[in-house]
Structures are given as structure tokens and as C-alpha cells.
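Have a look at the structure below, then the notes.
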Amino acid sequence: QVQLVESGGGLVQPGGSLRLSCAASGSAADYYTIGWFRQAPGKEREDVSCISSSDGSTYYADSAKGRFTISRDNAKNTVYLQMNSLKPEDTAVYYCAAQTHTIVTVTTGRELCYGMDYWGKGTLVTVSS
């Protein structure tokens, strides 16, 4: 099993930066993929960025590409989301999620965000002046 705890959310002005952290309890090898999702008020949850635990392959949604960076610290069992050039439309609850049941056949592309079975409780990011 994997337990996920997000942190790092808060209030930031447009154009600012935040770094979110997702601490995973247990061995990092317990999940095949892990990533970040977000849900804005009145909207459906959407994928943001995901990463393979095995080789570090990454996926970014179009809205995140060029502004956000996902990374890992395997020694700390922690995944990060560095968010730069934040916009008001980035305002959302950001969730960390992990997939533990299926080996990915392709370690690139949106497949890295599929089939998440463990979820954190989320951290709120508000981008506003």
C-alpha cells in the first residue's frame, strides 16, 4: 500500500511560483507511476503531470508544458511539482496520485497518468492578486 501526503500549496500572485511536494510512505518501488492532478471549483479533475517510478519518463498536460516541472527524490520517497509563471486559471486543489497495479507498457505519454489507485487528500493552490 501507498500513503500520499501533499504539501506546499498556498496563495501566490500571478506570475509567481510554488513547489508542491508529495510524500509517499513505504518503498518508492511500490508504485509504477505517480503524478499530479487538479480540480478547480465547478470543474472535473484533470491530469497535470505524471512520472514513471522506474525510469523517470514524464508526461505534461498542454496547460502545464513549459511552466511546470515534475521531479523525484527517490531517497526521500517524494515527488515534486515546480510551478512557475502561475496564472489565475491554475487555481485548484492539487492531488497527488499513484498507480500500483499495472506495469506500464509505454513509459512516455498520457498513459503515465492512467489508472491511479491511491490518492492524497490534496493541497489548495490559489493564484490571485
Side-chain angles (χ1 to χ4, degrees):
Q1 288 189 299
V2 177
Q3 292 78 46
L4 305 171
V5 179
E6 305 96 332
S7 63
L11 175 65
V12 64
Q13 294 187 354
S17 298
L18 281 175
R19 189 179 76 161
L20 306 183
S21 298
C22 174
S25 300
S27 173
D30 287 340
Y31 57 84
Y32 296 112
T33 59
I34 192 166
W36 292 94
F37 301 76
R38 70 185 184 187
Q39 187 168 22
K43 305 292 185 179
E44 294 187 356
R45 188 167 59 202
E46 62 181 1
D47 53 308
V48 177
S49 181
C50 299
I51 188 168
S52 169
S53 65
S54 59
D55 64 3
S57 298
T58 58
Y59 163 81
Y60 294 94
D62 288 342
S63 60
K65 195 174 302 181
R67 299 188 299 128
F68 296 179
T69 303
I70 191 169
S71 61
R72 305 175 299 169
D73 186 334
N74 291 334
K76 296 181 179 180
N77 283 346
T78 301
V79 177
Y80 304 96
L81 184 69
Q82 178 66 47
M83 305 188 294
N84 299 325
S85 301
L86 284 163
K87 306 173 182 179
E89 50 262 45
D90 294 317
T91 296
V93 176
Y94 283 71
Y95 298 92
C96 179
Q99 188 266 109
T100 68
H101 55 82
T102 303
I103 299 174
V104 294
T105 56
V106 180
T107 55
T108 60
R110 197 174 182 180
E111 182 183 6
L112 295 175
C113 290
Y114 292 173
M116 301 300 185
D117 54 326
Y118 289 92
W119 294 81
K121 294 182 178 180
T123 185
L124 177 63
V125 172
T126 302
V127 185
S128 177
S129 60

Please name the pair of heavy atoms, one in [X] and one in [Y], separated by the smallest distance, quoted to 0.1 Å.
X	Y	result
A24	V2	CB-CG1, 4.3 Å
R38	A92	CB-CB, 3.8 Å
S17	N84	OG-OD1, 2.9 Å

Going by heavy atoms in the side chains, are [X] and [Y] under 4.5 Å from each other?
X	Y	result
T91	S128	no
M116	C50	yes
M83	D90	no
Q3	Q1	yes

Can you confirm whether or not the ring centre of F37 sits under 6.0 Å from the ring centre of W119?
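Yes, they do, as the ring centres are separated by less than 6.0 Å.
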ask   = Got a sec, which residues hit salt bridge (charged side-chain N to carboxylate O under 4.0 Å, His left out) with K65, two or more places apart in sequence or on another chain?
value =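 Testing K65 for salt bridge (charged side-chain N to carboxylate O under 4.0 Å, His left out), a comparison that skips the adjacent residues, returns D62.
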Nearest 0.5 Å please: distance from the [atom1] atom of [X] over to the [atom2] atom of [Y].
X	Y	atom1	atom2	result
T100	Y31	OG1	OH	11.5 Å
L124	T126	CG	OG1	4.0 Å
S57	E111	OG	CD	11.0 Å

Which residue, I34, L81, T33, forms the side chain to side chain contact (heavy atoms under 4.5 Å, CB included) with I51?
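Filter result, single survivor: I34.
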Exercise. Under the criterion side chain to side chain contact (heavy atoms under 4.5 Å, CB included), which of W36, Y95, Y80, F68 is the partner of L20?
Worked result: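 The side chain to side chain contact (heavy atoms under 4.5 Å, CB included) with L20 is passed solely by W36 among W36, Y95, Y80, F68.
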Let me check something: do Y94 and L4 share a hydrophobic cluster, defined by ILVMFWY side-chain heavy atoms less than 4.5 Å apart, either directly or through other members?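 Yes, one cluster joins them.
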Main-chain N/O of [Y] paired to [X] side chain as donor or acceptor, under 3.5 Å:
X	Y	answer
Q99	C113	no
E6	C96	yes
Y60	I70	yes

Using the side-chain hydrogen bond (donor to acceptor under 3.5 Å, both in side chains) criterion, which residues pair with R19? Sequence neighbours excluded.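 R19: no side-chain hydrogen bond (donor to acceptor under 3.5 Å, both in side chains) contacts found.
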